[in-house]
Protein chains: 2
Amino acid sequence: MSEAGRRTEIMEAVERLLARGGVNAVTMRAVATEADVSLRLVQYYGSTKDELLGATLDRLADKSIRRWQARADRQGPALGVIGAFLDEALPTDRASRDLHRVGVSLEGLAITHPDVAGRAYRTHLRGLADHLADVLDAQGVPAARRLACEVMAIAHGVGTLLMADQLTEPEARSLLADYLDRLRPRLSTEDRAD
Amino acid sequence: MSEAGRRTEIMEAVERLLARGGVNAVTMRAVATEADVSLRLVQYYGSTKDELLGATLDRLADKSIRRWQARADRQGPALGVIGAFLDEALPTDRASRDLHRVGVSLEGLAITHPDVAGRAYRTHLRGLADHLADVLDAQGVPAARRLACEVMAIAHGVGTLLMADQLTEPEARSLLADYLDRLRPRLSTEDRAD
DNA sequence: CCTCCTTTGATACAGCTGTATCAAAATTTG
DNA sequence: CAAATTTTGATACAGCTGTATCAAAGGAGG
């Protein structure tokens, strides 16, 4: 198999481990087992653990932003864009729950390794915020970046409460629907120039 | 020194380590050094690491809820209560930043150890949500618990963005002020019965 | 004084960690 | 086929981890 392919496989194994058991579950030997590959090969690509972890996190940030871009580029009304973002961010199915867990791991990692993981985390968040702000701004929404951050904040927070069993999925959805209702009057350009 | 005093000192050392370097920084030997005590004594109280960690997390949840209760029991108008909550939760000074880091550690720990840390985390969140919901409900706010969760969500999310340098402190404050502005019409009982 | 509680010291052990190093297969590629 | 690349195997090592076990010192209260 080609070099790039193997590297990808290995980084996918790292992602899976992150999603399942957090940062502590990512050991070189565990990665080898998860990728169904010898420990020696994990060393062969991505020589050090930090390099491997860093590359995985960068890849993750890229993927996350790219995925959201693909979905949001069919621009609807601003409210629809925000609704789609919230819907996408909500950890309801297996995949999005895994993604949320990876995000939490990354957030925690940013504390321990501000240089490696912190940079990836900031890149991730900044990319999402920039893109969301751009889309909103293009629709004439006032104070677009501030709103983008607010939407990201509530998405993250509600996701956390959902993962911690403080909200059921229907409760989370109706909470966000309420939130969107209150947001509606602020989304038109002529309503208020900030 | 009395038994309870030492135990408290040790758990405070655990908290400090959590705030500084996340979960991985909490080793028995590091706790001993941080508490300026011998390793043997850390074993003497809180025999197992899991027990020590669990007790610390429980204590933390208690403290956090109690602190917020003390502040919110001087009941003002609903908007003021929510504003106070947001203000308190915002990681601006050293202490609240440390607290936020501990919270992130706890959140991540809830993934790795759903039994020990997960329980403490849920207790923490539930306690905060219950109390906030009670206060709001007593003021006649409709759908109080849902709103309580929403406020907690945005507080957590904005805190995360602030810690990750995606928002400056003034930006975060004006974001929350905007949010509160939109919330105001919904806080009176006669405005809308949900 | 003597007994109980607290505290320390030194040290051990097995387990997991990242990393390194030998040679040797297996596979792909020219 | 031959050469280069990819992959494995078997270990090794030093470091940190939680936990355990020895004896002994220090202090408080009866």
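First the proteins, then the strands, lettered A, B, ... as listed; each starts at 1.
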All N/O donor-acceptor pairs, side-chain side in residues 115-124 of chain A, below 3.5 Å, sequence neighbours left out:
from    : atom 1 : to      : atom 2 : distance (Å)
R119(A) : NH1    : D58(A)  : OD1    : 3.2
T123(A) : OG1    : R119(A) : O      : 2.8
H124(A) : NE2    : S64(A)  : OG     : 2.8

| field | Nearest heavy atoms of R186(A) and P142(A), plus distance in Å | value | O-CD, 4.0 Å
| task | Using a 4.5 Å cut-off on heavy atoms from C-beta on, say whether the side chain of M163(A) contacts that of R97(A). | result | yes
| message | Could you write out DNA chain D as dot-bracket? Rules: Watson-Crick or G-U wobble, both distances under 3.5 Å, brackets [ ] for crossings, | for pairs with another strand, dot for unpaired. | response | ||||||.||||||.||.||||||.||||.|
| request: Give a yes or no answer on whether the side chain of T48(B) reaches the backbone of E51(B) with a donor-acceptor pair at less than 3.5 Å. | output: no
| note | In whole angstroms, the gap separating P of dT7(D) from CG of L41(A) amounts to 5 Å
| Close side-chain approach of L86(A) and I82(A), heavy atoms under 4.5 Å | yes
| field | Side-chain heavy-atom pair L147(B), L183(B) within 4.5 angstrom cut-off | value | yes
| field | d(CZ, R6(A); C1', dT27(C)) in whole Å | value | 11 Å
| message | Rounded to whole Å, please give me the gap between CZ in R7(B) and P in dT7(C). | response | 13 Å
| message | Between H156(A) and E107(A), is there a side-chain heavy-atom distance shorter than 4.5 Å? | response | yes
| message | Just N and O in the side chain of Y45(B): are any of them under 4.0 Å from OP1 or OP2 of dT7(C)? | response | yes
| field | Connected via hydrophobic side-chain network under 4.5 Å: L99(A) and M152(A) | value | no
| B/S/- contact track for nucleotides 17-28 of chain D, protein heavy atom under 4.0 Å | BBBBBB------
